[in-house]
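Take a look at the structure set out below.
Fair warning: this is a prediction, and the values are worked out from it, not measured in the lab. Letters go in sequence order (proteins before strands), and every chain restarts at 1.
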There are 2 protein chains.
Amino acid sequence: MTITDGRRARGATSRSAVMRHAVDLASTDGLEGLSIGRLAAAASMSKGGVVALFGSKEQLQLATVAAACEVFAATVVSPALQQPRGLARVRSLAELFLRYSEQRTFAGGCFFAAASAELGSRPGPVHDAVAAAMRDWHGFLRGSIVRAVEAGELSGVDPEQLAFELTALLDGANRMSLLFDSAEPYRRASVAINRLLA
Amino acid sequence: MTITDGRRARGATSRSAVMRHAVDLASTDGLEGLSIGRLAAAASMSKGGVVALFGSKEQLQLATVAAACEVFAATVVSPALQQPRGLARVRSLAELFLRYSEQRTFAGGCFFAAASAELGSRPGPVHDAVAAAMRDWHGFLRGSIVRAVEAGELSGVDPEQLAFELTALLDGANRMSLLFDSAEPYRRASVAINRLLA
DNA sequence: CCTACCGATCGGTAGG
DNA sequence: CCTACCGATCGGTAGG
């Protein structure tokens, strides 16, 4: 027996439409700066409508983090899966991340860099969701490095240590590019990463 | 002829007392989240009093950035000047930065990491003040590296490139330690920095 | 999904 | 430095 609930289908469509605005607003103004009123205005909707869709600001923030995860997965992780396991995939992940940041997939640069800086020292469910997303990403990167080590393409390497250094360089390039409005940090990061993966 | 303006002297004392609270609030809640009302409450003062001392929120933010610069200079830069020019000073700067972050000199970790992430994509005088502070710090680090190269203590090194990599590792350690509430990133950063400076 | 409304807080001003 | 106040906006509720 199929339930044909038109309201639920419309709700899902509305949610994803509003979500696009939410992710953009949060990437520039932060998850705390993402207000229900301004989001409603951006989505040409009433405040009550946004509240009806998401319930509370915290749930809106959690939905926004989840939506950003999907964008990140589609932009960085999925394309890298087209590459064979091992060093090629590690290189691909680094390059795709730099492109994702440089092309300003999110208006305010890497969504997770902004979110983790904003929530780094404030406990709560939203902090935990951001930390979990970062853990997933680090874990995926580290796993990819492990494959490269197993294949003998990287020798004398501690995967955890290399994962730390790669993410530091990727995030550093994102931050400095935003702060100084320059593309040079991306080239600096590439140079360092190529040396680490040589 | 000496001007003895008791009000001005009292104003300066009050300002620096309020400033200490402002820097702490901004390091956890961000420069935008630093509200005049909560700062007044933290300093046991009326809102009007805070406004009288600083004039506007933007001027309060600028004063807060300046105060954070002084703390950073006293905690990281000045002690490093005790070391002789060259590689010893570069090592000292890196170690002092990691200690400054790990000891939570600011409640929310490195003040400038938080501020630059928050204001990275929002133009204005406060953004410019933060960017200028970061530029000074990078310039000092790069200059210290140049001395080490000139002294023959670092060979085959591009100072600009090395400065980028060091700051990426230092900021990366700060961010990951805050996000995951762990001291491990500091050890990872030390390992990488020791290799770069070997 | 809407309108209408709630109490709280925002940055800032007036006047002393 | 204070009190008293301004209009705007905040997150959220009520009722439909």
Side-chain angles (χ1 to χ4, degrees), chain A residues 4-23 25-26 28-65 115 118-119 122-127 129, chain B residues 4-23 25-26 28-65 115 118-119 122-127 129:
Chain A
T4 321
D5 188 336
R7 284 174 304 173
R8 191 173 298 170
R10 264 181 278 122
T13 305
S14 284
R15 268 180 70 108
S16 69
V18 175
M19 228 43 249
R20 259 173 271 152
H21 296 282
V23 162
L25 280 173
T28 53
D29 299 338
L31 280 162
E32 215 58 47
L34 170 66
S35 84
I36 293 175
R38 283 192 300 130
L39 174 57
S44 302
M45 194 184 268
S46 70
K47 265 180 56 178
V50 171
V51 174
L53 283 174
F54 295 97
S56 72
K57 176 161 186 179
E58 185 173 285
Q59 285 176 281
L60 167 63
Q61 291 173 318
L62 291 170
T64 305
V65 172
E118 181 185 6
L119 299 165
R122 260 186 295 178
V126 187
H127 168 283
Chain B
T4 321
D5 187 336
R7 283 173 306 172
R8 192 174 299 172
R10 264 181 277 124
T13 305
S14 284
R15 267 181 70 107
S16 69
V18 175
M19 229 40 249
R20 260 174 271 152
H21 296 281
V23 162
L25 280 174
T28 54
D29 299 337
L31 280 162
E32 214 60 45
L34 169 65
S35 84
I36 294 175
R38 283 192 301 130
L39 175 55
S44 301
M45 193 183 268
S46 70
K47 265 180 55 178
V50 171
V51 173
L53 283 173
F54 296 97
S56 72
K57 176 162 185 178
E58 185 173 286
Q59 285 176 281
L60 167 63
Q61 291 174 317
L62 290 170
T64 305
V65 172
E118 182 184 5
L119 299 166
R122 260 187 294 179
V126 187
H127 168 284

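- The CG atom of B:L60 sits 11 Å away from the C1' atom of C:dG11 (whole-angstrom rounding).
- Two residues are said to be in side-chain contact when any heavy atoms from C-beta on lie closer than 4.5 Å; B:D29 and A:R122 meet this criterion.
- What you find for B:T64 and B:A26 is that their closest heavy atoms are CG2-CB, 4.0 Å.
- If you take NZ on B:K57 and OG on B:S35, they are separated by 6.5 Å, rounding to the nearest 0.5 Å.
- In this structure, CG of B:L25 is placed 11 Å from P of C:dC10, rounded to the nearest angstrom.
- No donor-acceptor contact under 3.5 Å links the side chain of A:K57 to the base of D:dG12.
- To the nearest angstrom, P of C:dG12 lies 9 Å from CD of B:Q61.
- A straight line from CG of A:L34 to C1' of D:dG11 spans 12 Å, rounded to a whole angstrom.
- Of the two residues contacting DNA chain D, namely A:G55 and A:R38, the nearest-nucleotide position lying further toward the 5' end is that of A:R38.
- Taking the side chain as every heavy atom from C-beta outward, A:F54 and A:M19 approach each other to under 4.5 Å.
- Between B:S44 and A:S56, the residue anchored nearer the 5' end of DNA chain D, judged by the nucleotide with its closest heavy atom, is B:S44.
- The NZ-C1' distance, from A:K47 to C:dG7, rounds to 12 Å in whole Å.
- Residue contacts for B:S35: at a heavy-atom cut-off of 4.0 Å it reaches the sugar-phosphate backbone alone, with no base atom in range.
- In this structure, the nucleotide among C:dG12, D:dG11, D:dC1 sitting nearest to the side chain of B:S14 is D:dC1.
- A straight line from CD of A:Q59 to P of D:dG12 spans 9 Å, rounded to a whole angstrom.
- Nucleotide C:dG16 has D:dC1 as its partner under the Watson-Crick or G-U criteria, with both atom distances under 3.5 Å.
- Out of C:dC2, D:dC1, D:dG12, the shortest distance to the side chain of A:M45 is found at C:dC2.
- With hydrogens and angles ignored, the 3.5 Å screen pairs no side-chain donor or acceptor of A:E32 with any backbone N or O of A:E118.
- The CG-C1' distance, from B:L31 to C:dG11, rounds to 16 Å in whole Å.
- Spacing between atom CD of A:E32 and atom C1' of D:dT9 amounts to 15 Å, rounded to whole angstrom units.
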